[in-house]
Novice: 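Let me give you the structure first, and then I'll get to my questions.
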Protein chains: 2
Amino acid sequence: MNEKFYQLPEEKQNRILNAGFRVFARNSYRKSPMNEIAAEAGISKSLLFFYFRNKKELYLFLMKKAEELTIANLRNSGCYEESDIFEMMYRGLLAKTAMMRRYPDMSAFALKAYYEEDEEVKDELRKIIEPYSKLSTNKSLPKLDPSVFKDGLDLQLMYQDMYLASEGYMYQMQHAGPIDVDRVVSDYRKLIDFWKSLYLR
Amino acid sequence: MNEKFYQLPEEKQNRILNAGFRVFARNSYRKSPMNEIAAEAGISKSLLFFYFRNKKELYLFLMKKAEELTIANLRNSGCYEESDIFEMMYRGLLAKTAMMRRYPDMSAFALKAYYEEDEEVKDELRKIIEPYSKLSTNKSLPKLDPSVFKDGLDLQLMYQDMYLASEGYMYQMQHAGPIDVDRVVSDYRKLIDFWKSLYLR
DNA sequence: ATGGTATTAACCGAATCGGTCAACGGTGCT
DNA sequence: AGCACCGTTGACCGATTCGGTTAATACCAT
């Protein structure tokens, strides 16, 4: 992509990024028109083609950006250093919501890209996704010290419950129209404390 | 739509319905081509236009069909007569999975249609959706008899937990590639029993 | 005015779209 | 064999949209 893109004021860069995320998240690669992205970003199609040589380049650039931002976000969220599983999950959702404020459609874009099959981008897309998809998603049960939990508690089921509810939150935030993010976070905090009172010894 | 459509063998009708659900669920109305739907259904575009005069007619027909199927499914699921909230939720998910077996993309289609804004279909679409969207979604806490639950339990949070986890299940079934439905159901059953052991007195 | 830079309107050929229509193949009747 | 019927399709049409190019703007500092 054109170096000039980086010299743009950050706000304008983000407008273009978000426009790309949004359009590519809503439609497949082939059905995401460049003029729609340009309009969404508030610039002309010509200018968009000035910064990015063609659609493929923009698409792959967005994917790299999404990967980069996600990794950086996970790192500084501190949810890996945290040993308390409840606070770990809380920090995880906190990180996701923070990201969603700045780039509302990025995660939807990344998810859709993960299943993109278009020949024009498929191969190079996989190369970008592969290392990044190996990042431990917290689907599987992490190691837990059973002594802090109530006796006889099925930790596997406990974790599944919490994980699914978190997924449910993320789902609502993306599919249930525009949402008051702060409200969601405070609701989630209450739920976390509810779990602590239920599960902890 | 053409009467002849109903005289088709049911399997072929369903193939056409599912093709429509699938394509319209993946793209917006305007970006869902008729030839793609026809190909997905294994028939020619001409034949599709023989059964449905134009794209708008097919789209609205699918919406009506989705409404009709959903209502019928909810009715016979028996999840309304059930007073036990745990069994109610279980029956609810059971009903949804049953529907998802026959019409895998119907609910995704209905959800997308709910947000469709295209001028060509917007108005007539709303007329179809309106009465049907008033069906009580079980987002809000139903009336519960506190005496059967553990003392001091926050019923509001309990229900929120269960509701969100169920949403998480539905989310996984639609966005996490093809899934073993039976496995999901049995997992969910285990979770329900887990909740009963946690929450019931 | 001048020169450089950011930005765009206008345009191009190719592809895709919704929709039409004449023809095709099979089946049963005569 | 011929004929009529019916489900089905390939080929086609005009209109629109697409990715991408280019020549010309608007803007701003000298």
Side-chain angles (χ1 to χ4, degrees), chain A residues 1-17 19-20 22-63 116-122 124-125, chain B residues 1-17 19-20 22-63 116-122 124-125:
Chain A
M1 118 267 36
N2 193 327
E3 313 289 338
K4 294 291 175 60
F5 178 74
Y6 287 123
Q7 298 168 20
L8 255 42
E10 196 189 322
E11 183 265 345
K12 196 167 184 176
Q13 282 188 42
N14 279 345
R15 248 171 42 217
I16 297 177
L17 290 181
R22 179 123 181 248
V23 173
F24 281 124
R26 278 168 162 58
N27 322 298
S28 68
Y29 170 75
R30 194 167 297 272
K31 292 183 181 169
S32 295
M34 289 294 268
N35 61 17
E36 211 169 291
I37 297 174
E40 193 93 31
I43 63 176
S44 69
K45 187 176 62 159
S46 325
L47 188 54
L48 188 56
F49 271 102
F50 173 68
Y51 292 128
F52 303 92
R53 278 212 306 273
N54 50 40
K55 187 158 91 161
K56 181 177 172 181
E57 186 179 277
L58 170 60
Y59 185 73
L60 295 175
F61 174 83
L62 287 175
M63 190 65 239
E116 181 60 61
E117 291 289 344
D118 197 296
E119 291 298 334
E120 194 175 330
V121 292
K122 191 178 167 186
E124 302 182 49
L125 189 58
Chain B
M1 118 268 36
N2 193 326
E3 314 288 339
K4 293 292 175 58
F5 178 74
Y6 287 123
Q7 297 168 18
L8 255 41
E10 196 188 322
E11 183 266 345
K12 195 165 184 177
Q13 283 188 41
N14 280 345
R15 250 171 41 217
I16 297 177
L17 290 180
R22 180 123 180 248
V23 173
F24 282 123
R26 277 168 163 58
N27 322 298
S28 67
Y29 170 76
R30 194 167 297 270
K31 290 182 182 170
S32 296
M34 289 293 269
N35 61 16
E36 211 170 291
I37 297 174
E40 192 94 31
I43 63 176
S44 68
K45 187 176 61 160
S46 323
L47 189 54
L48 188 57
F49 272 103
F50 173 69
Y51 292 128
F52 303 93
R53 280 211 305 273
N54 50 41
K55 189 158 90 158
K56 181 176 172 181
E57 186 178 277
L58 169 60
Y59 185 73
L60 295 175
F61 174 82
L62 287 175
M63 190 65 240
E116 180 61 61
E117 290 288 345
D118 198 296
E119 291 298 334
E120 192 175 331
V121 292
K122 192 178 167 185
E124 301 182 48
L125 190 57

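Chain letters run A, B, ... following the sequence lines, proteins first, then strands; residues in each count from 1.
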Novice: Is the shortest side-chain heavy-atom distance between B/Tyr29 and B/Leu125 below 4.5 Å?
Specialist: no
Novice: When you check the gap from the basic side-chain N to the acidic O, do B/Lys122 and B/Glu117 get nearer than 4.0 Å?
Specialist: yes
Novice: Apply the test side-chain contact (heavy atoms from CB on, under 4.5 Å) to residues B/Phe24 and B/Lys55: give CA-CA distance (whole Å), side-chain angles for both, the deciding distance (0.1 Å), then the verdict.
Specialist: CA-CA 11 Å; B/Phe24 282 123; B/Lys55 189 158 90 158; 4.1 Å; yes
Novice: Between A/Arg26 and A/Glu40, is there a side-chain N and carboxylate O pair less than 4.0 Å apart?
Specialist: no
Novice: Considering only side-chain heavy atoms of A/Lys12, which listed nucleotide, C/dT8, C/dT7, C/dG19, is closest?
Specialist: C/dT7
Novice: Distance from A/Tyr59 atom OH to A/Asp118 atom CG, nearest 0.5 Å?
Specialist: 8.5 Å
Novice: Using the closest heavy atom to pick a nucleotide of DNA chain C for each, name whichever of B/Glu120 or A/Leu47 lands nearer the 5' end.
Specialist: A/Leu47
Novice: I need the CZ-P distance between A/Phe5 and C/dT7, as an integer number of Å.
Specialist: 12 Å
Novice: Using a cut-off of 4.0 Å between protein heavy atoms and nucleotide atoms, how would you tag nucleotides 21-30 of chain D 5' to 3' with B, S and -?
Specialist: BB--------
Novice: What is the separation between atom CZ on B/Phe52 and atom P on C/dT20, rounded to the nearest whole Å?
Specialist: 15 Å
Novice: Separation of B/Tyr51 atom OH from D/dG7 atom C1', in whole Å?
Specialist: 7 Å
Novice: Starting at atom CG of A/Leu8, determine the distance to atom P of C/dA6, rounded to an integer number of angstrom.
Specialist: 9 Å
Novice: If I take atom CG in residue A/Asn27 and atom P in nucleotide D/dC18, what distance separates them, rounded to the nearest angstrom?
Specialist: 10 Å
Novice: Would you check, one step at a time, whether the test side-chain contact (heavy atoms from CB on, under 4.5 Å) holds for B/Phe61 with B/Leu17?
Specialist: CA-CA 9 Å; B/Phe61 174 82; B/Leu17 290 180; 3.7 Å; yes
Novice: Can you find a heavy atom in the side chain of B/Val121 that is under 4.5 Å from one in the side chain of B/Met63?
Specialist: no
Novice: I'd like to check B/Tyr51 versus B/Met1 (side-chain heavy atoms, cut-off strictly below 4.5 Å). Are they in contact?
Specialist: no
Novice: Check DNA chain C against residues 28-40 of chain B and give the residues with a non-hydrogen atom under 4.0 Å, in numerical order.
Specialist: B/Ser32, B/Pro33, B/Met34, B/Asn35
Novice: If each of B/Lys55 and A/Gln7 is mapped to the nucleotide of DNA chain C with the nearest heavy atom, which maps nearer the 5' terminus, i.e. the 5' end?
Specialist: A/Gln7
Novice: Under a 4.0 Å N-O cut-off, is there an ion pair linking B/Lys56 with B/Glu124?
Specialist: yes
